[in-house]
Amino acid sequence: MTEINRGASAKIIDGKSFAAGLRARIGAEAAKLKAEHGLVAGLAVVLVGEDPASQVYVRNKSKAIAEAGMQAFDRPLPAQTSEADLLALVGELNADPNVHGILVQLPLPEHISAHVVIDAIDPVKDVDGFHFINTGKLWAAGGTLVPCTPQGCMMLLRDVLGDLKGKEALVIGRSNIVGKPMAALLLAENCTVTMAHSRTNDLPAVARRADILIAATGRPEMVRGDWIKPGATVIDVGINRIPALSDHHPRKMRLVGDVAFEEAVKVAGAITPVPGSVGPMTIACLLRNTLIAACRQIGLGHPAV
Ligand code: GUN
């Protein structure tokens, strides 16, 4: 078993300040698009139902869009909305020239198929990069609209490590939102990629080989300090709400990642904290995708962000 080096402490990867810089550059490009082409980039944000966590996420996304000088079109729908009605809204947004990006917040209620809805979004407006066309492009040719959370993680990794060529990268979690696109991006950067999941045998031993460890499991503090190769770069995608165990406030909750931070920080070379590192990068990359989509839709090249 790897010895935990209790004296050392990892570099804390400050995704929040990286995201702030990226958002400022996106805002400047959005202003240029407006001044030179009279175009205000627009993002439609669709939320079905009243899940409190999803409500917070979409509120933060719409707010960030407005702060970057772009336009947010909030489209909240009741939980009992039918799949047909949601598809009709997606059709309306596909046809709307003021809407350059469409985001349908996941998860959707059980009676609606996320695959059917995502597939109905015009791929050029698919700022989540979840449409089959964009998924295929990502694996086959490098994507234009790349899923926001993995894209944000890649930016942080490049900033910390520079060239990723030849590094052993482990992605824990195989979701379409994070795990699978993350693996595609790491492979494109010439990493040797392993994908682990709930059925992986001896995950701690697999993890101890990784120079880069991406945790996207949705299981609070699952990755322990003694799973981490000394000096590894750890990216924690998890946001989990658990009881704070406070004597004074018995119902108080706190946010933790998928990595046991206090243990991992003593072993890793660099690590993202939760909250405040990957989350802000996801939002910044959504703004970036909205700008990219708007530029493409009027025949401009890739904006300088
Ligand atoms: N639910 C959790 N993460 C995401 C995301 O990045 N996009 C959408 N649409 N839904 C999500």
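Because the structure is predicted, anything quoted here is derived from the model rather than measured. Just so it is clear, the values below take in all heavy atoms, side chains as well, and ignore hydrogens, waters and symmetry mates. Counting starts at 1 for both ligands and their atoms, in listed order.
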Quick check: does L103 get an N/O under 3.5 Å from an N/O on ligand 1?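 By distance alone, the answer is no.
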Decide whether an N or O pair under 3.5 Å exists between T149 and ligand 1.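 Min N/O separation from ligand 1 is not below 3.5 Å for T149.
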Strictly distance-based, threshold 3.5 Å: is any side-chain N or O of Q297 a donor or acceptor partner for the main-chain N or O of H100?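 Yes; judged by distance alone, with no hydrogens or angles, the pair exists.
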Taking heavy atoms and a distance under 4.0 Å, where does V104 meet ligand 1: side chain, backbone, both or neither?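 V104 to ligand 1: backbone contact only, side chain stays beyond 4.0 Å.
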Using a heavy-atom cut-off of under 4.0 Å, does the side chain or the backbone of Y57 touch ligand 1, or both, or neither?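 Near ligand 1, Y57 shows nothing, with every heavy atom at 4.0 Å or more.
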Any pair with a residue in residues 27-39 that passes salt bridge (Lys or Arg N to Asp or Glu O under 4.0 Å), sequence neighbours left out, goes on the list, sorted by first then second residue, please.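 Of all non-adjacent pairs touching residues 27-39, those that pass salt bridge (Lys or Arg N to Asp or Glu O under 4.0 Å) are E29-K32.
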Taking it one step at a time, do I12 and I271 satisfy side-chain contact (heavy atoms from CB on, under 4.5 Å)? CA-CA 5 Å; I12 306 298; I271 186 168; 4.0 Å; yes
Given V178, I239, D128, which one has a non-hydrogen atom that is nearest to atom 5 (C) of ligand 1?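 When every heavy atom of V178, I239, D128 is considered, D128 comes closest to atom 5 (C) of ligand 1.
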Go through it in stages, so that I can follow the logic: the residues are T135 and K180, the test is side-chain contact (heavy atoms from CB on, under 4.5 Å), and I'd like the CA-CA distance, side-chain angles, deciding distance and then a yes or no. CA-CA 9 Å; T135 307; K180 288 182 202 164; over 6 Å; no
Around D163, counting heavy atoms of other residues, nucleotides and ligands shown, do more than 12 lie under 6.0 Å from its CG?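 Above 12, so yes.
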Taking it one step at a time, do K61 and L103 satisfy side-chain contact (heavy atoms from CB on, under 4.5 Å)? CA-CA 10 Å; K61 289 172 184 180; L103 179 142; 3.9 Å; yes
Residue, atom name and distance, where the atom is the protein heavy atom closest to [atom]:
atom                    : answer
atom 11 (C) of ligand 1 : Q105 NE2, 3.5 Å
atom 1 (N) of ligand 1  : L106 O, 2.9 Å
atom 3 (N) of ligand 1  : I177 CG2, 4.0 Å

